[in-house]
Number of protein chains: 2
Amino acid sequence: MKKEGITMKDIAREANVSVATVSHVINNTKNISQATRKKVMSITEKYNYTPNYSAKNLRQQSTKTVALVISSHPDAFVTEMIFAIEERAAEMDYNLLLVNTKEHSEYEEKTINLLHSNLVDGIILSPTSGDIQYLQNYTKDKFPIVMVNRYDDSIENIPRVTGDNFQLGYDATMHLLDHGHEKIGFIYTYPDVSTTEDRIKGHHEALKQANIPFDQELIIQGFAHIDGGAAATKELLMKNNRITALFIQNDLMTIGALDAIKEMNLRIPDDIAIIGFGEFSASHIVDPSITTIVLPPETIGKTAFDILLNKMNNPDYMNHVELPPFMNIRKSCGCQ
Amino acid sequence: MKKEGITMKDIAREANVSVATVSHVINNTKNISQATRKKVMSITEKYNYTPNYSAKNLRQQSTKTVALVISSHPDAFVTEMIFAIEERAAEMDYNLLLVNTKEHSEYEEKTINLLHSNLVDGIILSPTSGDIQYLQNYTKDKFPIVMVNRYDDSIENIPRVTGDNFQLGYDATMHLLDHGHEKIGFIYTYPDVSTTEDRIKGHHEALKQANIPFDQELIIQGFAHIDGGAAATKELLMKNNRITALFIQNDLMTIGALDAIKEMNLRIPDDIAIIGFGEFSASHIVDPSITTIVLPPETIGKTAFDILLNKMNNPDYMNHVELPPFMNIRKSCGCQ
DNA sequence: CTGAAAGCGCTAACAG
DNA sequence: CTGTTAGCGCTTTCAG
């Protein structure tokens, strides 16, 4: 579809000045006499002129927009992060393009490739679990990319902001251990992503310090949705009826777990204790209320944008920030 | 920041052909001999060429991107809708720009104005409660806008997709009436938006049919967040201790209401029955489970995009679609 | 089948 | 203080 917008040329003609002058008054980029300034302004207002951004972007080799590429249907944590990024971008006068790759790494690559080259000035990426070596193509061009939440150490020159997921896995496990639980089920979302792996490492470390051998049977995938969480919980509890606690890596799976536990007529925390990752709005009103270990999605989001901004201004900018986890202790873990 | 991308000119030079030819092979827009096509392709691949979209967009007067402008921090319903729109846009090869106006109507106007004129080809708008007469500027230019969720009848030539909120208000109220409730508290998010107003009209109609006078005291604002819902609930129940049921217009406020009710030591549904608008993932696991009346966010989102697509192709396209509500009957309303 | 050239709307260096 | 001009990278008509 063609858009018949009014252009600087039109305004220049009507005001009897050159387009250069029009450009200068609109962008406040040079001293222009009050008289002509007024004349031009009144005409732009009369026609409700807005600049053609394609032209402007082409000329300036920049679009003032960044893309946020997330990898999965967002849970509460990711949703908060998205809107924090949107807010920060708006504050800084950037537009935000939103893309969901739904864990398809080929689509992710295609997307990044599309976004690259003057569609956006930079990308905030929460990568899929697939191979992301292709990113080297962009980093060697110094195209500004920052990773958020998940990361991949093998890609160089990409700053990132994540949670300290090792510590998170450690803390949550320790908390359960402190309550005397020795057989702890661990339900993760997807394998081969840093969030999962680091939490597992922290989990191991805590077990090791408590001299409890790690049992591969106790760890299972839940696919980040309610049904997956329910299924994983059932499978875990059927196969290993001595499990006394569950550490669950996302809010939707936690809800699924609660379903399954109710269905199995088990009591929380007496029969089975629970710690979930990620706050969700109902954590405190379900009975018993759910103890969660969280990371600050707003801080992560805003920081990611700020880092990207730095990276866009200085292609060699590097920074890895890792935010500490925090526990909301409620009742599902056996604390009062 | 300057991006030193490779351009068609570079490729043309290296392949000893004209840029026109390069353009034609890349876009498959004319018959080109196998030989030159291969030559060109190999060079584009070698350099991982991607077109400069600013230039392309400028030339074609279109950007293949649309904007989604929402008005408030998203609850579960809006989040689902957003991702449905994103999905549909991706399917149709459009990019999606996301903007949150946070109920500031001046910012909304500024945003629409910015988006207009070659930043995006069209807009899906969930307007704030403020005056949106300014939209006339764009509709008379035939700039493609569709309203989603909320609408304003006074703006012409804007298609929309919404829920049938009159019916929703009617059905929920009727359901409560059927359970013998006569004093029903109504907690809304924001006034002066169609969703609120239509639901109130449906609520009135149901009361009228049951010969129950409408009491202005029973209706109160909850601001679409948890704390607001809790405060509204307390105020309502303090002032009108004969209220026996609550009809709450968003999931976060419902959670706040549950907080307040627990704090007041009231039992659901015996002391106070509840119907909430909008499904949230924990509706079924809180105790008692929450009866909700819902609208289909995915359908609304996808339909909005499809309508926008039609509108972009044909500026005179008009269509108002109104999706029916649906009840998830659980226990908080007194049904078994 | 291929190329030359114009032009989308804007910015910015330079000249006057 | 204002205007001329070149050119960003691409598409598309027209000619060859």
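Just so it is clear: chains get the letters A, B, ... in the order the sequence lines come, proteins before strands, and each one is counted from 1.
- Put simply, CG on B:Asn27 is 8 Å from P on D:dT12, counting in whole angstrom units.
- Relative to the ring axis of A:Tyr151, A:Arg160 places its NZ or CZ within 45° and under 6.0 Å from the centre.
- Protein atom CG of B:Asn28 is 14 Å distant from nucleotide atom P of D:dT12, rounded to whole Å.
- B:Tyr138 and B:Asn113 share a donor-acceptor pair across their side chains, judged by distance under 3.5 Å alone.
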Salt bridge (charged side-chain N to carboxylate O under 4.0 Å, His left out) between B:Asp306 and B:Arg88, intermediate numbers included: CA-CA 8 Å; B:Asp306 290 339; B:Arg88 193 89 185 131; 2.8 Å; yes

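- Across the protein-nucleic acid pair, B:Gln60 atom CD and D:dT13 atom C1' stand 15 Å apart, rounded to whole Å.
- Counting to the nearest Å, the P atom of C:dC10 and the CD1 atom of A:Ile26 are 8 Å from each other.
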Review item, nucleotides 1-4 of chain D N/O atoms under 3.5 Å of protein N/O:
unit_1	atom_1	unit_2	atom_2	d
D:dT2	OP1	A:Ser33	OG	2.9
D:dT2	OP1	A:Thr36	OG1	3.4
D:dT2	OP2	A:Ser33	N	2.8
D:dT2	OP2	A:Ser33	OG	3.3
D:dT2	OP2	A:Thr36	OG1	2.9
D:dT2	O4	A:Lys30	NZ	3.1
D:dG3	OP2	A:Ser18	N	2.9
D:dG3	OP2	A:Thr21	OG1	2.9

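- Side-chain proximity of A:Asn52 to the nucleotides D:dC8, C:dC10, D:dC10 is greatest for C:dC10.
- Taking atom CD1 of residue B:Ile11 and atom P of nucleotide C:dT2, one finds them 16 Å apart after rounding to whole Å.
- B:Asp10 has its CG atom 11 Å from the P atom of D:dC8, to the nearest Å.
- Between D:dG9 and B:Tyr49, no contact under 4.0 Å exists linking OP1 or OP2 to a side-chain N or O.
- Each of A:Glu87, A:Glu86, A:Glu91 was scored for a salt bridge (Lys or Arg N to Asp or Glu O under 4.0 Å) with B:Lys102, with one residue passing: A:Glu87.
- Shown are B:Leu58, B:Asn57, B:Leu119; of these, the side chain to side chain contact (heavy atoms under 4.5 Å, CB included) with A:Asn52 is made only by B:Leu58.
- When the side-chain contact (heavy atoms from CB on, under 4.5 Å) test is applied to B:Asn16, no partner is found at least two apart in sequence or on another chain.
- One can place OH of A:Tyr53 at 12 Å from C1' of C:dC10, the figure rounded to the nearest angstrom.
- Across all strands, B:Thr7 comes closer than 4.0 Å only to sugar-phosphate atoms, never to a base (heavy-atom distances).
- Distance CZ (B:Arg13) to P (D:dG9): 11 Å, rounded to an integer number of Å.
- Nearer to the 5' terminus of DNA chain D, by closest-nucleotide assignment, is the contact made by A:Leu58 (compared with the other of A:Leu58 and B:Thr29).
- Under a 3.5 Å cut-off, the side chain of A:Ser105 and the backbone N or O of A:Glu108 do not form any donor-acceptor pair.
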